[in-house]
A.B. asks: 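Can you keep this structure in mind? I'll have questions shortly.
Keep in mind that what you see is a predicted model, and the values were worked out from it rather than measured. Sequential numbering from 1 along the given sequence is applied to the chain's residues.
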Amino acid sequence: MTRAAADTSAHHYDRLPAERYSYPKLRLASSWLVVQCPTAVLEARHDAADSTGMRVLHAVKP
């Protein structure tokens with residue numbers, strides 16, 4: 001794909017109708033994600049909740 005084609009396709013959301021869409025949320029326990037990190041060859045460095053209660057998991061490739 002050329003750069004020009006990528007640039008025009010990157011804005012396809014601009015052409016969507018103005019209505020709202022909903023979808024089921026994927027909810028995963030952070031403890032489960034931490035346990036799964038080695039399977040994905042990742043190391044969990046940080047797992048905590050931010051001020052809004054959203055979980056933040058920082059995983060890196062060792």
Side-chain angles (χ1 to χ4, degrees):
M1 181 183 313
T2 66
R3 174 88 175 153
D7 287 345
T8 57
S9 65
H11 302 290
H12 66 278
Y13 291 108
D14 294 340
R15 295 188 299 270
L16 291 176
E19 60 193 75
R20 292 193 161 250
Y21 296 95
S22 65
Y23 54 91
K25 308 298 188 278
L26 178 61
R27 301 199 189 273
L28 301 171
S30 64
S31 57
W32 182 84
L33 284 173
V34 169
V35 170
Q36 298 302 312
C37 280
T39 305
V41 192
L42 296 171
E43 177 185 327
R45 294 249 174 113
H46 178 78
D47 177 27
D50 69 6
S51 60
T52 64
M54 183 172 289
R55 299 294 301 183
V56 177
L57 175 63
H58 177 200
V60 296
K61 217 172 188 182

A.B. asks: Considering all heavy atoms of both residues, which atom of Cys37 and which atom of Leu57 are nearest to each other, and what is their separation?
C.D. replies: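 Taking Cys37 first and Leu57 second, the nearest heavy atoms are SG-CD2, 4.5 Å.
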A.B. asks: Which heavy-atom pair separates Lys61 from Val41 by the least distance, and what is that distance?
C.D. replies: CG-O, 3.7 Å
A.B. asks: To check you understand the geometry: which heavy-atom pair defines the closest contact between Leu42 and Pro62, and what is its length?
C.D. replies: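 Nearest pair, atom of Leu42 first, then Pro62: CA-CD, 4.2 Å.
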A.B. asks: For the side-chain contact (heavy atoms from CB on, under 4.5 Å) test, which of Val56, Val34, Leu33 pairs with Asp47?
C.D. replies: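 Checked Val56, Val34, Leu33 against Asp47; only one passes side-chain contact (heavy atoms from CB on, under 4.5 Å): Val34.
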A.B. asks: Are Trp32 and Leu26 linked, directly or through intermediate hydrophobic residues, by side-chain heavy-atom contacts shorter than 4.5 Å (ILVMFWY only)?
C.D. replies: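 Yes, one cluster joins them.
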